[in-house]
Q: 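Before I ask anything, let me first share the structure, which is written out below as structure tokens.
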Amino acid sequence: MRCVFCRIAAREVPAEVVYEDDRVIAFLDINPLNPGHTLVVPKVHVERLSDLPAELCGPLLGAASRLARAAREALGAAGVNLVVNDGRAAGQAVPHLHLHLVPRFPGDGGRSLHSLLPVRHGLDLPEIARKLRDGISPR
Ligand code: AMP
Ligand code: ZN
């Protein structure tokens with residue numbers, strides 16, 4: 001059985017679709033954190049951000065960018081958070097890559113990314129940066 005987001009993309013499961021093209025579909029989250037909370041989803045089934053083919057990165061982020069503007073202009077949002085829960089350790093529950101676009105409104109009680117975890121003082125930043133530089137692979 002295909003995953004629920006594949007089934008939404010195939011229009012086998014109903015959703016409040018707000019944007020669609022040949023590679024991307026976006027629909028309202030059924031458990032919205034704010035009005036307009038939208039999931040921006042590649043139609044192809046990939047689980048992790050790093051699984052997404054490079055040629056789909058632009059279309060996915062481009063759709064999110066247009067929806068961020070719509071959240072401001074059509075819903076009156078003052079800002080948005082764009083979040084990927086990438087992997088179970090990061091809180092991913094649905095194993096099909098999705099960008100959460102959460103419109104933000106003054107006084108909505110939410111905070112920023114920096115409320116997810118406390119700041120870690122004393123990390124060896126040069127060593128961590130070296131590992132990442134060495135570990136990054138060409139696409
Ligand atoms: P996560 O995998 O933790 O990043 O979040 C998955 C999100 O998908 C949750 O916010 C759910 O509310 C949402 N969700 C799960 N099933 C559906 C569905 N059928 N339609 C819309 N949103 C869904
Ligand atoms: Zn899927």
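What you see is a predicted model, and the numbers here were worked out from it, not measured in a lab. What's counted below: heavy atoms across the whole structure, side chains too, no hydrogens, waters or symmetry copies. Both ligands and their constituent atoms are indexed starting at 1 by order of listing.
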Q: In the hydrophobic cluster built from side-chain contacts under 4.5 Å, what are the other members alongside Ile25?
A: Val4, Phe5, Ile8, Val13, Val17, Phe27, Leu39, Val41, Val94
Q: Give me the number of protein N, O or S atoms whose distance to the Zn ion (ligand 2) is under 2.8 Å.
A: 4
Q: Should Val40 and Val24 count as side-chain neighbours, where that means a heavy-atom distance under 4.5 Å?
A: yes
Q: Give me the residue, atom name and distance of the protein heavy atom closest to atom 12 (O) of ligand 1.
A: Asp29 OD1, 2.5 Å
Q: Write out the residue and atom name of the closest protein heavy atom to atom 2 (O) of ligand 1, then the distance separating them to 0.1 Å.
A: Ala93 N, 2.7 Å
Q: If the contact criterion is a heavy-atom separation under 4.0 Å, does Glu16 count as touching ligand 1?
A: no
Q: Tell me if the centroids of the rings in His98 and His96 come within less than 6.0 Å of each other.
A: no
Q: If you have a sec, work out which protein heavy atom is nearest atom 3 (O) of ligand 1 and how many Å separate them, to one decimal?
A: Gly91 O, 2.8 Å
Q: Below 4.0 Å from ligand 1: does a non-hydrogen atom of Leu33 turn up there or not?
A: no
Q: Among all the protein's non-hydrogen atoms, which is closest to atom 6 (C) of ligand 1, and how far away is it?
A: His98 NE2, 3.5 Å
Q: So does Gly110 get a backbone contact from the side chain of Arg104, meaning a donor-acceptor N/O pair under 3.5 Å?
A: yes
Q: Would you say that Glu55 contacts Arg23 through its side chain, given a criterion of any heavy-atom pair below 4.5 Å between the two side chains?
A: no
Q: Could you find the nearest protein heavy atom to atom 14 (N) of ligand 1 and give me its residue, atom name and distance?
A: Ile30 CG1, 3.9 Å
Q: Does Leu28 have a heavy atom less than 4.0 Å from any atom of ligand 1?
A: yes
